Amino acid sequence: MKTFGSKVVPLLLVLLCITALMAQGQDSFTPCSTTFFSALVQLIPCRMAVAPFSRIPPSEPCCNALKALGQPCLCVLVNGPPITGVDRNMALQLPDKCTANFEPCNLMK
């Protein structure tokens, strides 16, 4: 029984990511071309700037990573499952703080 449960959880996570990417792709002109987890890893340089109650501005590596990732993928992240240690509102402020010319994300609640 352990092997069945250990295979179901990763499958559910993959399905959740695919669903989030598909939903985001319907709302934007250019869909995100990466997975949820890949986008999350790409924005690791931003973790201090999006931590709850952080006053640390985004670093240059963070802004570069954000611009490379793009608006559709940022929206997938902020609309995806909760991310421990990330304040979604602060993540939504990254484009302005990094002077990235992104359209606002449509938040799904």
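Bear in mind the structure is a predicted one, so any value in this text is a computation, not a measurement.
- Rounding to the nearest 0.5 Å gives a distance of 12.0 Å between CG of Leu92 and CZ of Phe102.
- Residues satisfying the side-chain contact (heavy atoms from CB on, under 4.5 Å) criterion with Asp96, sequence neighbours excluded, are absent altogether.
- Residue pairs meeting the side chain to side chain donor-acceptor pair (under 3.5 Å) criterion with at least one member in residues 37-53, sequence neighbours excluded: Thr34-Ser38.
- Through direct or indirect side-chain contacts shorter than 4.5 Å among Ile, Leu, Val, Met, Phe, Trp and Tyr, Phe53 is connected to no other residue.
- In terms of heavy atoms, Cys32 sits closest to Pro72 at N-CB, 3.7 Å.
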Practice task
Go through the steps to decide whether Leu94 and Cys62 satisfy the test side-chain contact (heavy atoms from CB on, under 4.5 Å), and finish with yes or no.
Solution key: CA-CA 9 Å; Leu94 283 176; Cys62 168; 4.1 Å; yes
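- Annotation: side chain to side chain donor-acceptor pair (under 3.5 Å) contacts involving residues 51-67, sequence neighbours excluded, are absent.
- Side-chain contact between Phe36 and Cys73 is absent, with no heavy atoms from C-beta onward closer than 4.5 Å.
- Connection of Phe37 to Leu74 is established within a shared hydrophobic cluster, with ILVMFWY side chains joined at heavy-atom distances below 4.5 Å, either directly or through further cluster members.
- No side-chain heavy atom of Leu66 sits under 4.5 Å from any side-chain heavy atom of Pro58.
- Listed by first and then second residue, the side chain to side chain donor-acceptor pair (under 3.5 Å) pairs that reach into residues 83-94 are Gln93-Lys97, sequence neighbours excluded.
- Here the closest non-hydrogen pair linking Leu43 and Leu77 is CD1-CD1, 3.5 Å.
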